[in-house]
Amino acid sequence: MWRNGRKQLLILITTTLQDLESPLIWFHCSSLGEFEQGRPIIELLRSQYKDHKILLTFFSPSGYEVQKNYKEADYVFYLPIDSAGNAEKFLSITKPVLVIFVKYEYWYYYLKAVYEKGIPLILVSSVFNRSQPFFKWYGSLHRKMLGYFTKIFVQDSLSAELVNKIGNLPISIAGDTRFDRVSEISLHKSSIPFINAFKQDKQILIAGSTWPKDEEILYTVFQ
């Protein structure tokens, strides 16, 4: 899917957007988890900038295949492979007025091209830790990429402290947009028959994408 989804991709994007006249906001997510973090922002911008179009790209099939018909985006595509030529072609076709990358995605040629064209470039819901290349002796290219962002929104104070050690970067602590999404879902909850049948009259705790340390806490709380 990853390979086949990129065949003739730039031709498809060109054909689809050839009559585009509205200003366009480009969101990029690696996969489905990052999409869920970007979703509250997409939908807020959709409601506030009704004359803009929304372009959503994914790196992974697990994001694209699930959300390729997402109704709040006007266009949904895979992201063409990161190269100087692809970045230039993609931006010349889409002409975004704002670019938002979610959490972990850093593609050098795309970020560099957006920066050089003077397009506002924002990183949202990002998390940093000491093991990442940004904070290693060999991470000069990664540190350079952070310098391309107009604004960097991180989830926590540790991330902010680490990034601040790199230099004077435009950083703010804004929390994790996953909480916005979970809160929104909770307001529209519905019954799931097979879950009800499984749990019967017992309590049930469902956790997804957890780490061992998460599970230790959840187990203690559940007990």
Side-chain angles (χ1 to χ4, degrees), residues 2 26-42 44-45 56-64 66-67 78-79 81-83 87 98-115 119-185 205-222:
W2 188 93
W26 170 30
F27 277 85
H28 176 67
C29 307
S30 173
S31 190
L32 190 59
E34 289 77 11
F35 166 77
E36 287 297 327
Q37 290 182 290
R39 185 170 183 164
I41 305 171
I42 293 173
L44 184 63
L45 288 178
L56 173 63
T57 59
F58 288 99
F59 176 76
S60 165
S62 64
Y64 175 80
V66 174
Q67 295 296 343
Y78 280 107
L79 181 70
I81 296 299
D82 187 37
S83 71
L98 173 65
V99 179
I100 299 175
F101 273 47
V102 181
K103 195 173 183 179
Y104 281 143
E105 285 289 88
Y106 306 100
W107 296 112
Y108 174 75
Y109 290 108
Y110 280 104
L111 298 180
K112 181 174 182 285
V114 170
Y115 172 79
I119 304 168
L121 175 61
I122 299 174
L123 180 63
V124 299
S125 262
S126 56
V127 177
F128 295 90
N129 62 72
R130 292 182 178 86
S131 67
Q132 292 171 308
F134 305 101
F135 314 108
K136 304 295 185 181
W137 63 266
Y138 52 80
S140 59
L141 183 64
H142 283 76
R143 290 189 287 273
K144 188 174 184 180
M145 285 192 283
L146 288 184
Y148 291 144
F149 285 99
T150 310
K151 187 73 176 181
I152 299 171
F153 291 101
V154 298
Q155 292 187 21
D156 52 46
S157 57
L158 176 59
S159 295
E161 289 172 13
L162 288 170
V163 175
N164 281 330
K165 291 179 180 178
I166 292 176
N168 186 26
L169 294 172
I171 187 168
S172 292
I173 301 172
D176 186 348
T177 49
R178 281 182 298 182
F179 290 100
D180 299 87
R181 179 64 182 144
V182 170
S183 176
E184 179 189 346
I185 291 173
L205 173 67
I206 302 175
S209 296
T210 57
W211 293 71
K213 287 185 178 180
D214 300 325
E215 290 150 15
E216 290 173 12
I217 295 170
L218 290 170
Y219 179 77
T220 301
V221 172
F222 198 62

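Hydrogens, waters and symmetry mates are skipped; everything else that's a heavy atom, side chains included, is used. Positions are given from 1 along the sequence.
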Quick one: list whatever passes side chain to side chain donor-acceptor pair (under 3.5 Å) with [X], sequence neighbours left out.
{"X": "Lys144", "result": "none"}
{"X": "Tyr64", "result": "none"}
{"X": "Ser157", "result": "none"}

>> Holding to side-chain contact (heavy atoms from CB on, under 4.5 Å), I want the full list of residues that pass it with Leu158, two or more places apart in sequence or in another chain.
In response: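 Residues passing side-chain contact (heavy atoms from CB on, under 4.5 Å) with Leu158: Arg130, Asp156, Glu161, Leu162.
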>> My understanding is that only residues two or more places apart in sequence, or in another chain, count here; which of them pass side-chain contact (heavy atoms from CB on, under 4.5 Å) with Asn129?
In response: Ser131, Gln132
> Does Gln155 use its side chain to pair, donor to acceptor, with the backbone of Ser125 at less than 3.5 Å?
Replying inline: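 Side chain of Gln155 to backbone of Ser125: a pair is present.
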>> Given 3.5 Å as the limit, does a donor-acceptor pair link the side chain of Trp107 with the main chain of Ile81, or not?
In response: no
> Under a 4.5 Å cut-off applied to non-hydrogen side-chain atoms, are Phe27 and Leu45 in contact?
Replying inline: yes
>> Take a 6.0 Å sphere around OH of Tyr148 and say whether it holds more than 12 heavy atoms from other residues, nucleotides or ligands.
In response: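 Yes, enclosed.
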> Are there more than 12 heavy atoms of other residues, nucleotides or ligands under 6.0 Å from atom OH of Tyr115?
Replying inline: no
What are the two closest non-hydrogen atoms of [X] and [Y], and how far apart are they?
{"X": "Ile152", "Y": "Ser126", "answer": "CG2-OG, 3.7 Å"}
{"X": "Lys103", "Y": "Val127", "answer": "CE-CG2, 4.2 Å"}
{"X": "Gly147", "Y": "Leu169", "answer": "CA-CD2, 3.9 Å"}
{"X": "Cys29", "Y": "Leu56", "answer": "SG-CD1, 4.0 Å"}
{"X": "Ile171", "Y": "Ala160", "answer": "CD1-CA, 3.7 Å"}
{"X": "Pro170", "Y": "Phe149", "answer": "CG-O, 3.6 Å"}

Quick one: ring-ring contact (aromatic ring centres under 6.0 Å, His included) partners of [X], sequence neighbours excluded?
{"X": "Phe101", "result": "Trp26, His28"}
{"X": "Phe153", "result": "none"}
{"X": "Phe134", "result": "Tyr106, Phe128, His142"}

Identify each donor-acceptor pair in which a side-chain atom of residues 208-217 lies under 3.5 Å from a protein atom, sequence neighbours left out, and give them as a table.
{"residue": "Thr210", "atom": "OG1", "partner": "Glu215", "partner atom": "OE2", "Å": "2.4"}
{"residue": "Asp214", "atom": "OD2", "partner": "Trp211", "partner atom": "N", "Å": "2.8"}

> Does Lys136 have any salt bridge (Lys or Arg N to Asp or Glu O under 4.0 Å) partners at least two apart in sequence or in another chain, and if so, which?
Replying inline: none
Distance-only donor-acceptor hits, side chain of residues 31-42, under 3.5 Å, sequence neighbours excluded:
{"residue": "Ser31", "atom": "OG", "partner": "Ser62", "partner atom": "OG", "Å": "2.4"}
{"residue": "Glu34", "atom": "OE1", "partner": "Ser31", "partner atom": "N", "Å": "3.2"}
{"residue": "Glu36", "atom": "OE1", "partner": "Arg181", "partner atom": "NE", "Å": "2.7"}
{"residue": "Gln37", "atom": "NE2", "partner": "Asp176", "partner atom": "OD1", "Å": "2.9"}
{"residue": "Arg39", "atom": "NE", "partner": "Glu43", "partner atom": "OE2", "Å": "2.9"}

>> Does anything in residues 162-175 form a side-chain hydrogen bond (donor to acceptor under 3.5 Å, both in side chains)? List the pairs, not counting sequence neighbours.
In response: Lys151-Ser172
